[in-house]
Amino acid sequence: MDIRPYRLLMELQSLNTLGAVRSFAENSGMFAGLLASMQDSAPASGSRPPSFTYSGFPGTGLSPAPRMNRPEQAAEGGNGPFSAEITKAAQTYNIPEKLIRSVIRQESGFDPGARSPAGASGLMQLMPGTARFLGVQDPFDPADNIMGGTKYLRQLLDQFDQDLETALAAYNAGPGNVRKYGGIPPFNETRNYVEKVLGHYLA
């Protein structure tokens, strides 16, 4: 394949920084001819020629480069944020990592500084009294919060015979309400909470 057209395009790109390309493209048919020759020289099958992106060339039909994901999006697509803390808590209390991550996603959206109007704090949204009971020193510290929240989740699972839906309802509405209603309380917030956490966990 003849690479000369591509070499010329790269030279044109460097000219663009000097403000010369726009004038060249507008006042000459050479640029359009170059694009046409590139299309004609492309192989009929097999590998595609390299794609070039020139946002400064109006009317060329070349698409802008794809936007890179934000670092937190890329991390979440892999092991996810706070993976070391979640792994440690999961191993300590025998809770699936994905379940811990699902609770964090629903509780705080992975914001370690989150605080609810009711006073719940941190990644797993621990109430002050619950945090003290669990031995959490700093609810805004990710490692401390995740360890405490996972410990609480383990206690609730044990308390409600490993019934995940009931344990999640107790995490949201309190174990007292779960016992009072003999299961998931008839609160829209709690029912939606259980449904969304299970949706993340089972996805």
Whether [X] side chain and [Y] backbone form a donor-acceptor pair below 3.5 Å:
X	Y	result
Thr130	Leu126	no
Asn145	Ser121	yes
Asp144	Val136	no
Gln125	Ala114	yes

Rounded to the nearest 0.5 Å, what separates atom [atom1] in [X] from atom [atom2] in [Y]?
X	Y	atom1	atom2	result
Glu165	Glu195	CD	CD	10.0 Å
Ile104	Leu99	CD1	CG	10.0 Å
Ile86	Gln91	CD1	CD	12.0 Å
Lys196	Glu107	NZ	CD	12.0 Å
Arg154	Thr92	CZ	OG1	12.0 Å
Ile184	Asn172	CD1	CG	10.5 Å

Looking at [X] and [Y], what are the two nearest heavy atoms and their distance?
X	Y	answer
Pro112	Leu123	N-CD2, 3.5 Å
Ala169	Val178	C-CG2, 3.9 Å
Pro81	Arg101	O-NH1, 3.1 Å
Ala90	Glu97	CB-CG, 3.5 Å
Thr150	Met124	N-SD, 3.8 Å
Thr190	Pro185	CG2-CD, 4.1 Å

Group every Ile, Leu, Val, Met, Phe, Trp and Tyr by side-chain heavy-atom contacts under 4.5 Å, then state whether [X] and [Y] land in the same group.
X	Y	result
Met127	Val103	no
Leu198	Leu157	yes
Phe133	Met147	yes

Are more than 12 heavy atoms, taken from residues, nucleotides or ligands other than [X], located less than 6.0 Å from that residue's [atom1] atom?
X	atom1	value
Lys98	NZ	yes
Glu189	CD	no
Arg179	CZ	yes

* Keeping to residues at least two apart or across chains, list the ring pair (Phe, Tyr, Trp, His ring centres under 6.0 Å) pairs with something in residues 137-172. => Tyr152-Tyr171
* Is a side-chain donor-acceptor pair under 3.5 Å present for Gln155 with Tyr93? -> no
